[in-house]
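Here the structure is laid out as structure tokens; the discussion comes afterwards.
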Amino acid sequence: MEAVAEGLWGLADYQEQRGEIGKAVKCLEAICQSDVSFFPIVEVKTRLRIATLLLKHSHNVNHAKSHLERAQLLLKSIPSCFDLKCRAYSLLSQCYHLVGAIPPQKQVLHKALELSVSAGHEITVKLWSCNFNSQLANALIIEGDYRSSISALEAGFACATEICYPELQMFFATCMLHVHLMQWDDENTVQLAVTKCDEVWESLDPQKRQQCLGLLFYNELLHIFYRLRICDYKNATPHVERLDAAMKADLQQMQHVQQLARELDAVNQSLSRSDLHHRERSALSEKQARLQHQLSSLSTWSSTAKGSLEPAYFGNMKRTYGDKLELAPPPIDGEWLPKSAVYALVDLMMVASGRPKGNFKECAKRIQSGMLTIQEELVKLGITDGVREVNLQHSAIWMAGVYLMLLMQFLENKVAMELTRSEFVEAQEALVQMKNWFMRFPTILQTCESIIEMLRGQYAHSVGCYNEAAFHYIEAAKLTESKSMQAIYQIYAAVSYICIGDSESSTQALDLIGPVYRMMDSFVGVREKTTALFAYGLLLMKQQDLQEARNRLAKGLQLTHTHLGNLQLVSQYLTILGSLALALHDPGQAREILRSSLTLAKKLSDIPAQIWVLSVMTALYKELGERGHELENLEFQKRREDDLQKRLVDAHSSIHHIELVRATHLFVLAL
């Protein structure tokens, strides 16, 4: 009967290679459903193979789970088979993860860890222990138990240290950093985790680092998230540049691999001919061996485990060669995100780094590239026009959420970029896209609701609808639990109230600024502090407390320039400080400051900012009696005002304008 089983296994492999997954599963299930009994070990291997096929090529998680549960029962009667038992535990754990059954997943993993503890100290045992600790940490994160998750990762790190496996140590070090970034108890703890990653990474041989591409991307992205969180944009930039260079190098290598694969296919096809002369066949065989060796030399961890039952790719699609960024070797075979999502993240980081500096041309390219990648992946997940949240397979929800959240962040950056350069209609279209995606996937994109409200506020403010802008900002603050975001949205609302200009609005602005100003030093980084100082300085200037306004704004400008590098905010700070210098009878300083502000506003194509600066410069030239400069300035200001007016007319005449601006909740728009 073993020969029969081997024959059916071989036939299943053949059908899988042809893409006939249903037929491959039927071949294997014939063994499990046979009237003639096979040895339990044969049935166990078969059921594991079926589960792997189902997880790799379909959404049929429950079918895979039933095979694994049956395999576990059979394994209880078999005293040895440590490796098979571990594979069954690992696959079953991931099935429970996919269906969202975290308690049974944890139970399975604890049993698996008990098995590995009793199995000795061999390297394979330690590797499986690393696998189970990694999965357990992930399950605990989902439950919000960060402390226990860190403990599981520390146990994995200890195992990796015992077997002197620095790549695995780096895997667990980066995972711990990731958890600390999510939890963020205190900055010192996170800094220690960052330092640990740096130490382990530096301990790796340089050649080994190049081979650990998944770890390189993961480590660099986590470092960027950390730097952005503490508003250290300057030191985030080198990490972004390294990521971009690594992505371009990997794309180039993938093109090389694809070319080699095409050549190998052509050689194989030629070798299949029966009329080849001996010399020609010999030359082709040599070329075949050379191409196979070249492809093999470019292989990564996953390809070295070709015959294993690794539960690598869950559902939805067959991935092509090299389409996985492994974080660790078998039997972990883990990836943080699919390569396409990581590539989209790299594009997003380039946008996050470049937009505040006004590098809009490059940002537009990256936004387009990232969104195209995401939309292709969403189609593969079955998310086409008309598909809504309720239509998704449960096993596709997590990955759909990853791509949808990335898409929303690209659109958010696009809205912000278009508003900065006064492209109001383009901003409208991107914001409407965000609203439509949210309406289709409200649970997955729940955290985006406050962002959409905030962007509605930014749009309304940009087109001069200050009352409506304040409404949307306040709504956005109500919709988020983040103290940081609440503070920033309150400051945005305060600025809109200040722009309204009456005494009642100024009082409302002060009521919003005061609480944030008093607690601004308690936040991580300086983002909240710089916005609070800007709004408070602007309010003080309106109240004619000019010297105090100047002090606050000068402090805010220094922080913004040093830490954020946000040219738009720097330009706005400079314009107000230039106005204050003029009001305080310091025309020399006013001229210098305003010229710098105008240069930045031109770089950003920020037309309202240019008009604001030009109006102050006109007043400056008038006071100095420089009639020629005054007239020249007025002419340029008039051209800018005409341009802005045309853009505003286009925006107001759009069918989307009223629905975006009006003071109603987001869900009301869908009615």
Side-chain angles (χ1 to χ4, degrees), residues 357-361 417-427 461-466 469 495-496 498-502 506 534-535 537-547 549-550 553-554 556-557 560-561 566-653:
K357 301 171 188 173
N359 300 332
F360 295 147
K361 186 175 180 181
M417 183 177 74
E418 301 300 3
L419 288 178
T420 300
R421 54 187 188 176
S422 307
E423 298 289 354
F424 304 124
V425 174
E426 285 77 2
H461 187 99
S462 298
V463 296
C465 302
Y466 301 124
V495 172
S496 292
I498 292 169
C499 290
I500 293 170
D502 57 43
S506 295
F534 175 82
L538 181 61
L539 184 61
L540 288 169
M541 186 182 78
K542 294 283 186 181
Q543 295 173 340
Q544 296 302 306
D545 191 348
L546 303 185
Q547 192 56 55
R550 194 180 203 179
L553 291 164
L557 174 61
T560 303
H561 178 72
N566 185 320
L567 296 189
Q568 187 177 32
L569 188 54
V570 169
S571 172
Q572 290 168 347
Y573 263 115
L574 288 171
T575 304
I576 302 174
L577 283 166
S579 301
L580 284 168
L582 181 60
L584 291 166
H585 310 295
D586 190 347
Q589 187 182 51
R591 186 196 298 265
E592 186 179 334
I593 291 173
L594 292 168
R595 281 177 175 170
S596 297
S597 180
L598 184 59
T599 299
L600 292 177
K602 286 180 178 178
K603 176 178 172 60
L604 296 167
S605 302
D606 188 344
I607 299 174
Q610 291 176 38
I611 293 169
W612 184 13
V613 180
L614 289 166
S615 66
V616 181
M617 291 181 79
T618 299
L620 171 66
Y621 293 139
K622 189 171 186 178
E623 183 172 309
L624 293 173
E626 297 180 9
R627 184 64 178 163
H629 284 144
E630 181 187 347
L631 292 173
E632 184 183 345
N633 210 64
L634 277 170
E635 185 182 347
F636 184 34
Q637 183 180 334
K638 178 68 167 56
R639 289 202 303 270
R640 296 282 76 195
E641 287 172 345
D642 290 344
D643 187 6
L644 179 61
Q645 189 58 37
K646 181 179 181 302
R647 291 165 186 259
L648 287 171
V649 168
D650 290 342
H652 282 263
S653 62

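Throughout, residue positions are numbered sequentially from 1 according to the sequence presented.
- Scanning both residues, L582 and E623, for their nearest heavy atoms gives CD1-OE1, 3.7 Å.
- The shortest side-chain heavy-atom distance between Q547 and L540 does not fall under the 4.5 Å cut-off.
- In this structure, CG in L604 is found 13.0 Å from NZ in K602, a value given to the nearest 0.5 Å.
- In this structure, I498 CD1 and L539 CG are separated by 4.5 Å, a value rounded to the nearest 0.5 Å.
- Counting non-hydrogen atoms of other residues, nucleotides and ligands closer than 6.0 Å to CD of Q543 gives a total above 12.
- For R647 and D643, the salt-bridge test passes: some basic side-chain N is under 4.0 Å from an acidic carboxylate O.
- Judged by distance alone, with hydrogens and angles left aside, the side-chain atoms of S597 form no donor-acceptor pair with the main-chain N or O of I593 at under 3.5 Å.
- We find the CD-CZ distance between Q568 and R421 to be 12.5 Å, quoted to the nearest 0.5 Å.
- Distance check, rounded to the nearest 0.5 Å: CG of L580 to CD of Q589 gives 10.0 Å.
- By the 4.5 Å heavy-atom criterion applied to side chains, T560 and F534 are not counted as neighbours.
- In terms of heavy-atom proximity, G578 sits nearest to A590 at O-CB, 3.6 Å.
- Interatomic distance, T575 OG1 to M617 CE, rounded to the nearest 0.5 Å: 10.0 Å.
- Summarising the geometry, atom CG belonging to L600 is positioned 10.0 Å from atom CG belonging to D606; distances are rounded to the nearest 0.5 Å.
- Considering all non-hydrogen atoms of both residues, G358 and L567 come closest at N-CD1, 4.4 Å.
- Here K638 pairs with D642 in a salt bridge; the nearest charged N to carboxylate O distance falls below 4.0 Å.
- When every heavy atom of V616 is checked against every heavy atom of S579, the shortest pair comes out as CG2-OG, 3.4 Å.
- The two atoms that bring K357 and K603 nearest to each other are O-CE, 3.1 Å, heavy atoms only.
- Surrounding CD of E632 are at most 12 heavy atoms belonging to other residues, nucleotides or ligands under 6.0 Å away.
- Two residues are said to be in side-chain contact when any heavy atoms from C-beta on lie closer than 4.5 Å; L634 and Y621 fail this criterion.
- For the pair L644 and F424, the minimum side-chain heavy-atom distance is below 4.5 Å.
- A 4.5 Å side-chain heavy-atom check between P608 and S422 finds at least one atom pair inside the cut-off.
- In this structure, the side chains of M541 and L553 stay at 4.5 Å or more apart for every pair of heavy atoms.
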>> Under the criterion side chain to side chain contact (heavy atoms under 4.5 Å, CB included), I'd like the reasoning laid out for H461 against C499: C-alpha separation, chi angles, the key distance, then a yes or no.
In response: CA-CA 9 Å; H461 187 99; C499 290; 3.7 Å; yes

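- Contact of the L624 side chain with the H629 side chain is not registered, since no non-hydrogen atoms from C-beta on lie closer than 4.5 Å.
- Within the 4.5 Å cutoff, the side chain of F636 has no heavy atoms near those of the T618 side chain.
- The side-chain contact (heavy atoms from CB on, under 4.5 Å) with I607 is formed by just one residue from the set E641, R640, E423; it is R640.
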>> side chain to side chain contact (heavy atoms under 4.5 Å, CB included) for N566 and V570? Distances and angles first, verdict last.
In response: CA-CA 6 Å; N566 185 320; V570 169; 5.6 Å; no

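- Minimum interatomic distance between L594 and V613 (heavy atoms only, all atoms of both residues): O-CG1, 3.4 Å.
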